[in-house]
2 protein chains.
Amino acid sequence: MENYKIDDVAKECGLTKRTIRYYEEIGLLFAPDRSDGGTRLYSRAHIDQLKQITNAREVLGFSLQEMQDYVSASNKIAERHQGYLQTEDRDQKRKELLELESIVAHQLQIIDQKLAKIAEVRQMTEVRYQRVQEALKNLPE
Amino acid sequence: MENYKIDDVAKECGLTKRTIRYYEEIGLLFAPDRSDGGTRLYSRAHIDQLKQITNAREVLGFSLQEMQDYVSASNKIAERHQGYLQTEDRDQKRKELLELESIVAHQLQIIDQKLAKIAEVRQMTEVRYQRVQEALKNLPE
DNA sequence: TATATATTTAACGTCAACGTTAATTATATG
DNA sequence: CATATAATTAACGTTGACGTTAAATATATA
């Protein structure tokens, strides 16, 4: 299992080292293991998660605060799916799942709104592009 | 032709008055006519343009600086399309049009990248949603 | 026309999301 | 193993995008 140092992660994810430490500081990113000397050692899972975070942030336009909720929800779902957290009582479990369902449903709703809006903007931009093309065609030689 | 005051515009566009003045200040919005007393009087065109700006900004994730370039290009195209700016020489005209073409083509490219990314994020979110649904179904009564 | 409400400019304040710097310690390399 | 390069924490700095306040007009309304 390979290890990556912070600069490797930064380059692969297109972020700065400061940003990565900052994300860890505010609890957006899992703290990685450390070497004996204290150097952060990342795994591929960290890199993948970081990429997902920046991707989601970019398309959703969320603040880092909002991203924490987003990430928190998806982590809970991942944990559950891997078989952890199976010890609580039924009512508690159901309640938590229903809350997760509502959160993720809301996220889907936001995403779909974004999709609709971006389609609209694309349409308007496309029209502009065609106008420029037309103007170029109509230019006398 | 109706006139709107800044608070009407703010409400319809979902912005604050400060934001609208700020956009005008940095040249993102055309300065509207004023009453004799100095009160800003907006037309429907202003409102429509402002809505387009906020829409595009939201989906593209542009900074206000980047939006200026975006708006500047679309304004040039609109002017041209309405028959202004027809007096320069052919080479100059062609050069400008080619530059506009490149700018708008780039915008389309960015939009399509966004669309691809958002589709990816939607897919992952959808998977999470299904997992929650599944977990709810598998809950013993 | 008096008065309440809204608008204007100017200036300073704020907050998120990092950037930058410095001093210190780790790790890699000839 | 010496030394160059990289990582760490801590702290202060910066920047974009407005918020807020104040003092002076303008506009709307009883």
Side-chain angles (χ1 to χ4, degrees), chain A residues 1-43 46-47 49-72 110, chain B residues 1-43 46-47 49-72 110:
Chain A
M1 168 154 112
E2 288 184 276
N3 272 341
Y4 303 86
K5 293 174 51 178
I6 196 166
D7 199 45
D8 307 328
V9 180
K11 270 165 190 156
E12 186 164 342
C13 296
L15 300 171
T16 68
K17 295 181 275 184
R18 171 65 166 114
T19 297
I20 295 174
R21 292 198 196 98
Y22 180 66
Y23 283 7
E24 178 185 334
E25 185 186 331
I26 65 173
L28 190 55
L29 219 69
F30 283 126
D33 289 344
R34 301 286 188 118
S35 74
D36 289 352
T39 299
R40 271 167 260 253
L41 300 176
Y42 295 92
S43 69
H46 278 101
I47 296 186
Q49 203 209 358
L50 189 46
K51 279 186 182 174
Q52 280 184 36
I53 289 176
T54 53
N55 238 324
R57 177 164 150 72
E58 197 187 329
V59 301
L60 298 178
F62 280 3
S63 70
L64 294 184
Q65 171 60 49
E66 288 166 323
M67 282 308 297
Q68 306 213 18
D69 306 343
Y70 182 89
V71 167
S72 164
I110 291 178
Chain B
M1 168 151 115
E2 287 183 275
N3 272 340
Y4 304 86
K5 292 173 54 175
I6 196 166
D7 199 45
D8 308 327
V9 181
K11 270 165 189 155
E12 186 164 343
C13 296
L15 299 171
T16 69
K17 294 181 274 184
R18 171 64 165 116
T19 298
I20 296 174
R21 292 198 197 97
Y22 179 67
Y23 284 6
E24 179 186 332
E25 185 186 329
I26 64 173
L28 189 55
L29 219 69
F30 282 128
D33 289 344
R34 302 284 189 120
S35 73
D36 289 352
T39 299
R40 271 167 259 252
L41 301 176
Y42 295 91
S43 69
H46 278 101
I47 297 186
Q49 203 209 357
L50 190 46
K51 280 185 180 173
Q52 281 185 35
I53 289 176
T54 52
N55 238 322
R57 176 164 150 71
E58 196 187 330
V59 301
L60 298 179
F62 280 4
S63 69
L64 295 184
Q65 170 60 51
E66 289 167 322
M67 282 308 296
Q68 305 211 18
D69 306 343
Y70 182 89
V71 166
S72 164
I110 291 178

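Side chains are part of it too, since the values below use all heavy atoms of this structure and drop only hydrogens, waters and symmetry mates. Note that this is a predicted model, so its numbers are computed, not measured. A, B, ... follow the sequence lines: proteins, then strands. Residue 1 opens every chain.
- If you measure from atom CD of A/Glu24 to atom P of D/dT8, you get 9 Å, rounded to the nearest angstrom.
- Looking at A/Leu64 and A/Tyr23, their side chains come closer than 4.5 Å, going by heavy atoms from C-beta outward.
- The side chain of B/Ser35 places an N or O atom within less than 4.0 Å of a non-bridging phosphate oxygen (OP1 or OP2) of D/dT27.
- Distances shown here put every side-chain N or O of B/Tyr22 at or beyond 4.0 Å from the OP1 or OP2 atom of D/dG16.
- In this structure, CG of A/Asp36 is placed 14 Å from P of D/dT8, rounded to the nearest angstrom.
- The CG-C1' distance, from B/Leu15 to D/dC18, rounds to 11 Å in whole Å.
- When the nearest nucleotides of DNA chain D are assigned to B/Gly37 and B/Ser63 by heavy-atom distance, the more 5′-ward of the two goes with B/Ser63.
- Toward the 5' end of DNA chain D, the nearer of the two residues A/Asp7 and B/Lys17, judged by each one's closest nucleotide, is A/Asp7.
- Using a 4.5 Å cut-off on side-chain heavy atoms (C-beta onward), B/Arg40 and B/Arg34 make contact.
- Closest contact between the side chain of B/Lys5 and the listed nucleotides D/dA6, C/dT9, D/dT27 involves D/dT27.
- Dashed line: the shortest gap from a side-chain N or O of B/Thr16 to OP1 or OP2 of D/dG19 is under 4.0 Å.
- In this structure, A/Ile20 atom CD1 and C/dA17 atom P are separated by 17 Å, rounded to whole Å.
- Between the C1' atom of C/dT27 and the OH atom of A/Tyr4 lies a distance of 19 Å, rounded to the nearest Å.
- Checking the phosphate oxygens (OP1, OP2) of C/dT27, no side-chain nitrogen or oxygen of A/Arg34 falls inside 4.0 Å.
- Here the shortest heavy-atom pairing between A/Arg57 and A/Phe62 reads NH1-O, 2.6 Å.
- Atom CD of B/Glu66 is separated from atom P of D/dG16 by 12 Å (rounded to the nearest Å).
- Between A/Arg21 and D/dT8, a side-chain N or O to OP1/OP2 separation shorter than 4.0 Å is present.
- Distances shown here put every side-chain N or O of B/Arg18 at or beyond 4.0 Å from the OP1 or OP2 atom of D/dT20.
- As rounded to whole Å, 14 Å separates atom C1' of C/dC12 from atom CD of B/Glu25.
- The side chain of B/Thr19 contributes an N or O atom lying less than 4.0 Å from OP1 or OP2 of D/dG19.
- Comparing B/Gly38 and A/Leu64 along DNA chain C, the residue whose closest nucleotide (by nearest heavy atom) sits nearer the 5' end is B/Gly38.
- Distance, A/Met67 CE to C/dA17 P: 11 Å, rounded to whole Å.
- Considering only heavy atoms from C-beta on, B/Val9 stays 4.5 Å or farther from B/His46 through its side chain.
- In the displayed structure, A/Asp8 atom CG is contacted under 6.0 Å by more than 12 heavy atoms of other residues, nucleotides or ligands.
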